[in-house]
Amino acid sequence: MSAFQYSRLDPTDQSFRVLILEPNVWDTPIHCRVEHASLAAPPAYEALSYVWGDATALREIYLEACVHAVTINLEIALRYLRHEKVERILWVDALCINQNDLIERSEQVQKMGDIYTKAKRVVAWTGEASEDSDDALKLMEEFTNIGLMLGGAEFEADFPLQTWFNLQNWGALWRFLDRTYWSRMWILQELFATPYRSQEKCILMCGKRSLDRFYYDLACITLATVMSSMRCVDEITQEIREPLLSMMRWNRTLPGLVMFHTLTNSQYLSKPDFGLLLKTTNFFQAADDRDKIYALLGLAPAMYQDFHVDYSRPLKHVLMDLVQFLADKEGSLNILFGNRSSKSRLEPTWTPELNSNLISESWVPNDLGFWAAGRTQPMIEINRSTGVMSTRGITIGTLQTVIAGPNLLAGSPDESTSAEGLGDALGYLRLIDEINDFLAILPSESERETLWRTLVIDQDSSGIDPIHPAPNEFGAAFEAVFSRKGAEIETEEEVESTTQFIRSMAKYVTNRCFFATSNGKMGIGPRWAKPGDMAVILYGADLLFILREKGAGYELIGDAYVHGVMHGELATDENRGNSQVFDIC
């Protein structure tokens, strides 16, 4: 039997294909066909959001009477979606796009945002049922009802539903939110097309059971509210309560929660710039790393839509093209930001890092009000044959002291149920000890103030919106924490201030480092910075960068905060004579 042959789509109009899933009973072969349609006047179709799965594990279906191989996960999804009596009209990327035609694939990828937006419904296939997936969906429904009942009220320490919390199968929910579905890059764009907290526009399917995405959204909101409340830690015994206890024992990031926060930040609040989107979605995976860029085009503002999707270009060139494109489009080098983590990453080192296992607070310069390079414009030249980017900037200092922050991936706090035990496992006590050693060599109170302001990047970031500069009360909180004088914290105001200081510091030192330069500057830098590295301002960037000498040029290690230079203090016309060209490879 011959292979199915796709007829060419018209690239000049809004044409696309839909899949007609033919009806039949459960255990019969899958039969379907494709038809051309137009996004200008589309039929009523459902867009399938799913994970392809192992590309080498295939099953056969019939596509217009031709045997056609698809991944096992797609074949299973189609079997669950198929009706017994009536046809079902779907859009499925693997079947509606000719995957062997790179030109068509590039054209259709640019239309995917519209394809999902114009679907009558998005069906999110999370996979087959497990032994406790029904418990997870039920818990999301009940948790949502709690959130609606309380109407956003504070969860106090004596919250009467603690007994209910203790009886729930939180492991089932963590396993559901840890499914591969939530970690895939394209899922972001697919779910982004459905309005936040909308009903009936998107359903989650797990086996035969389905749940409106509305419940997923509100369950995540309620969970975040509970987790951020003081009730998760007993004030007297410091014992950690449910649901935080079981989540900490899970000891890894839940992609379902990361997905929700990424969607709400992109969808509900505002559309962030492309570089921020790229950095905040670093966690998500794609079979083709180029898709980690192309999948974001549907989420980004219109000004970025003319970045050309081209699957014929190698990843290295796509990344270099992106840096040049954003430098020209935005007039900045903020695309270079990142707490770069991989020692075996692709070169050149100045291209965006697409895969990282480090979890650290995203630097959001516009929100934090940083503009280290002042109003300077990027001055770059890219040699695509050598991979060297030449750019102008100013040297701030050479790193002399480097103290690593807690490593979120290193701890295994499975056996600890106290806040102190978890802190010890994640390296916070080591950080306190090493900062205390550094304190011993600081001769003045002004230097101690510089130190504590550096540790919180001079922000009170304990609430929703950061407050700059950090309040003076943080100074007393710093002395209490790092001098181990916790017993002297007596008033409610002191307790609150110390809690705010610790939360603010934890946001920025986790999986990063504190450093001091040979000329007395202090900062927060990337995880892998080390003595001898250089802190520099690059023209057109709101943060600083850490560079490391390599041959006649430099490697880019990551971005950095340096206290006292974050508001253009050194990027002045008078200081331009001190600038130099950095060749970054």
Side-chain angles (χ1 to χ4, degrees), residues 3-7 9 14-24 28-39 42-55 57-83 86-101 104-128 180-181 184-194 201-207 210 286-288 291 294-295 298 311:
F4 177 74
Q5 298 295 318
Y6 285 91
S7 58
L9 290 169
Q14 299 188 64
S15 62
F16 74 121
R17 299 186 188 93
V18 291
L19 183 78
I20 313 300
L21 182 58
E22 298 177 0
N24 218 323
T28 58
I30 299 292
H31 286 263
C32 50
R33 64 184 189 275
V34 293
E35 294 180 358
H36 288 209
S38 173
L39 287 169
Y45 67 94
E46 298 170 287
L48 180 63
S49 172
Y50 72 107
V51 175
W52 279 35
D54 186 351
L58 304 174
R59 286 182 183 171
E60 293 181 344
I61 66 170
Y62 289 91
L63 185 57
E64 299 194 7
C66 297
V67 175
H68 192 84
V70 298
T71 61
I72 291 177
N73 196 45
L74 176 54
E75 194 271 348
I76 292 173
L78 292 174
R79 197 168 290 280
Y80 276 93
L81 288 167
R82 182 172 59 180
H83 296 313
V86 296
E87 295 179 336
R88 193 165 189 172
I89 305 176
L90 303 168
W91 186 86
V92 181
D93 59 352
L95 297 171
C96 294
I97 300 175
N98 182 357
Q99 300 293 327
N100 295 321
D101 185 337
E104 177 182 302
R105 185 176 162 197
S106 299
E107 293 168 349
Q108 290 292 296
V109 161
Q110 292 184 300
K111 297 176 181 178
M112 282 178 60
D114 286 338
I115 290 172
Y116 278 91
T117 299
K118 294 189 175 184
K120 71 173 184 180
R121 185 168 67 175
V122 173
V123 179
W125 171 253
T126 64
E128 290 192 277
T180 303
Y181 174 82
R184 307 307 294 178
M185 191 69 190
W186 278 112
I187 304 302
L188 271 173
Q189 176 169 288
E190 295 159 8
L191 295 184
F192 179 83
T194 63
K201 179 63 177 178
C202 177
I203 60 168
L204 306 180
M205 281 191 66
C206 183
S210 63
D288 185 333
D291 285 336
Y294 297 152
Y311 282 98

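Since the structure is predicted, the reported quantities are computational estimates derived from the model, not experimental observations.
- Outside the 6.0 Å centre-distance limit, the rings of Phe192 and Tyr116 are not counted as a close aromatic pair.
- Counting only N and O atoms by type, the side chains of Asp291 and Tyr311 include a donor and acceptor under 3.5 Å apart.
- A salt bridge links Arg79 to Glu75: one of the charged nitrogens lies within less than 4.0 Å of a carboxylate oxygen.
- Within the 3.5 Å criterion, the main-chain N or O of Trp52 finds a donor-acceptor partner in the side chain of Thr71.
- Of the charged side-chain nitrogens involved, at least one lies within less than 4.0 Å of a carboxylate oxygen, so that Arg33 and Glu87 count as a salt-bridged pair.
- Here Tyr181 and Trp125 keep their ring centres 6.0 angstrom or further from each other.
- Using a 4.0 Å cut-off between charged nitrogen and carboxylate oxygen, Glu46 and Arg121 count as a salt-bridge pair.
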Output, in order, the C-alpha distance, side-chain angles, deciding distance and verdict of side chain to side chain contact (heavy atoms under 4.5 Å, CB included) for Leu74 and Leu48. CA-CA 10 Å; Leu74 176 54; Leu48 180 63; 3.9 Å; yes
Trace of the side chain to side chain contact (heavy atoms under 4.5 Å, CB included) decision for Leu78 with Leu90: CA-CA 10 Å; Leu78 292 174; Leu90 303 168; 4.1 Å; yes
From CA spacing to verdict: side chain to side chain contact (heavy atoms under 4.5 Å, CB included), Ile115, Leu39: CA-CA 7 Å; Ile115 290 172; Leu39 287 169; 4.0 Å; yes
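- Nearest heavy atom pair, residue Met185 against residue Ala286, reads CB-CB, 4.0 Å.
- Ion pair Arg17/Glu35 not flagged as a salt bridge, since none of the NZ, NE, NH1 or NH2 atoms sits closer than 4.0 Å to an Asp/Glu carboxylate oxygen.
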I would like to know whether Ile61 and His31 meet side chain to side chain contact (heavy atoms under 4.5 Å, CB included); could you show each step before the answer? CA-CA 6 Å; Ile61 66 170; His31 286 263; over 6 Å; no
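- The CD1 atom of Ile89 sits 13.0 Å away from atom SG of Cys32, with the distance rounded to the nearest 0.5 Å.
- Judged by distance alone, with hydrogens and angles left aside, the side-chain atoms of Gln14 form no donor-acceptor pair with the main-chain N or O of Lys111 at under 3.5 Å.
- A donor and an acceptor atom, one from each side chain of Trp186 and Asp93, are nowhere located under 3.5 Å apart.
- Between Gly113 and Ala193, the closest heavy-atom pair is O-CB, 4.4 Å.
- Checked against the 6.0 Å centroid threshold, Tyr45 and Phe16 count as a close aromatic pair.
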